[in-house]
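Let me begin by presenting the structure, written as structure tokens, before commenting on it.
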Amino acid sequence: MKRVHVLVRGMVQGVGFRAFVRRHAKRLGVKGFVRNLPDGFTVEVVAEGPDDAIEQLISIVRKGPPGAIVEDVDIEYEEPKNEFNDFDILY
């Protein structure tokens, strides 16, 4: 089990990035959340799941959906807290 905190910067707001991440996270069986940060160019992802699923999600997030331009990705691994029941888009 792994937990990751990811900050994705670039043209990642207003391009369907959150829905893209949620769709893939659910497919991979990952729980957590994705949200836009108020700076207008950062999306935050917090995810927990099996090691391989988390690594796959990170690869997917690095690319983003069509229309997104990912300029930078900060990844921080954390201790799993098992606090999520689903993968949500936070507003």
Side-chain angles (χ1 to χ4, degrees):
M1 191 71 151
K2 241 183 210 181
R3 179 183 176 107
V4 69
H5 183 207
V6 183
L7 295 176
V8 185
R9 293 182 187 87
M11 196 172 96
V12 293
Q13 291 190 13
V15 294
F17 202 96
R18 291 173 298 166
F20 172 84
V21 172
R22 182 174 185 253
R23 183 172 61 252
H24 286 285
K26 285 181 153 293
R27 178 180 59 78
L28 292 166
V30 171
K31 297 179 177 168
F33 68 84
V34 60
R35 67 178 166 191
N36 287 341
L37 294 186
D39 62 10
F41 62 90
T42 305
V43 170
E44 177 182 35
V45 179
V46 175
E48 287 189 1
D51 293 9
D52 61 329
I54 293 295
E55 293 307 318
Q56 286 179 56
L57 186 63
I58 290 169
S59 294
I60 289 164
V61 165
R62 285 183 186 279
K63 294 178 184 135
I69 299 171
V70 176
E71 295 175 359
D72 186 46
V73 179
D74 289 337
I75 301 165
E76 186 176 320
Y77 291 95
E78 302 173 345
E79 285 298 313
K81 297 179 183 174
N82 200 29
E83 64 183 317
F84 305 114
N85 296 320
D86 202 352
F87 196 93
D88 297 311
I89 296 175
L90 302 184
Y91 296 94

Side-chain donor-acceptor contacts of residues 41-54 below 3.5 Å, not counting sequence neighbours, with atom names and distances?
residue	atom	partner	partner atom	Å
Thr42	OG1	Asp39	OD1	3.3
Thr42	OG1	Asp39	OD2	2.6
Glu44	OE1	Arg35	NE	2.5
Glu44	OE1	Arg35	NH2	2.8
Glu44	OE2	His5	NE2	2.6
Glu48	OE1	Asn82	N	2.9
Glu48	OE2	Arg3	NH1	2.6
Glu48	OE2	Lys81	N	2.7
Glu48	OE2	Asn82	N	3.3
Asp51	OD1	Met1	N	3.3

Handout entry: Leu7-Ile58 co-clustered via ILVMFWY side chain contacts under 4.5 Å
Key = no

Exercise for the section: Answer with yes or no whether the hydrophobic clustering places Val8 together with Leu90; edges join I, L, V, M, F, W, Y residues whose side-chain heavy atoms lie under 4.5 Å apart. Expected result: no

Exercise for the section: Give every residue pair that meets the salt bridge (Lys or Arg N to Asp or Glu O under 4.0 Å) criterion with at least one member in residues 53-65, sequence neighbours excluded. Expected result: Lys2-Glu55

Practice task
If the plane angle is over 60° it's perpendicular, under 30° parallel, otherwise tilted; pick one for Phe20 and Phe17.
Solution key: tilted

Exercise for the section: Check whether Phe33 and Leu28 end up in the same hydrophobic cluster, where Ile, Leu, Val, Met, Phe, Trp and Tyr are linked by side-chain heavy atoms less than 4.5 Å apart. Expected result: no

Practice task
Determine, stepwise, if the pair Phe84 / Val30 fulfils side chain to side chain contact (heavy atoms under 4.5 Å, CB included).
Solution key: CA-CA 9 Å; Phe84 305 114; Val30 171; over 6 Å; no

Practice task
Verify the cluster assignment for Leu37 and Val21: are they in a single hydrophobic cluster under the rule of side-chain heavy atoms below 4.5 Å apart?
Solution key: no

Problem - Val70 vs Val12, side chain to side chain contact (heavy atoms under 4.5 Å, CB included): CA-CA, chis, key distance, verdict - result: CA-CA 7 Å; Val70 176; Val12 293; 4.1 Å; yes

Fill in the blank from the handout: Here the gap from Ile60 atom CD1 to His24 atom NE2, rounded to the nearest 0.5 Å, amounts to 5.0 Å

Handout entry: Over 12 non-hydrogen atoms of neighbours within 6.0 angstrom of CD in Glu83
Key = yes

Practice task
Can you run down the salt bridge (Lys or Arg N to Asp or Glu O under 4.0 Å) pairs that involve residues 15-34, sequence neighbours left out, and say none if there aren't any?
Solution key: Lys26-Asp86

Exercise for the section: Would you please name every residue forming a salt bridge (charged side-chain N to carboxylate O under 4.0 Å, His left out) with Asp74, sequence neighbours left out? Expected result: Arg9

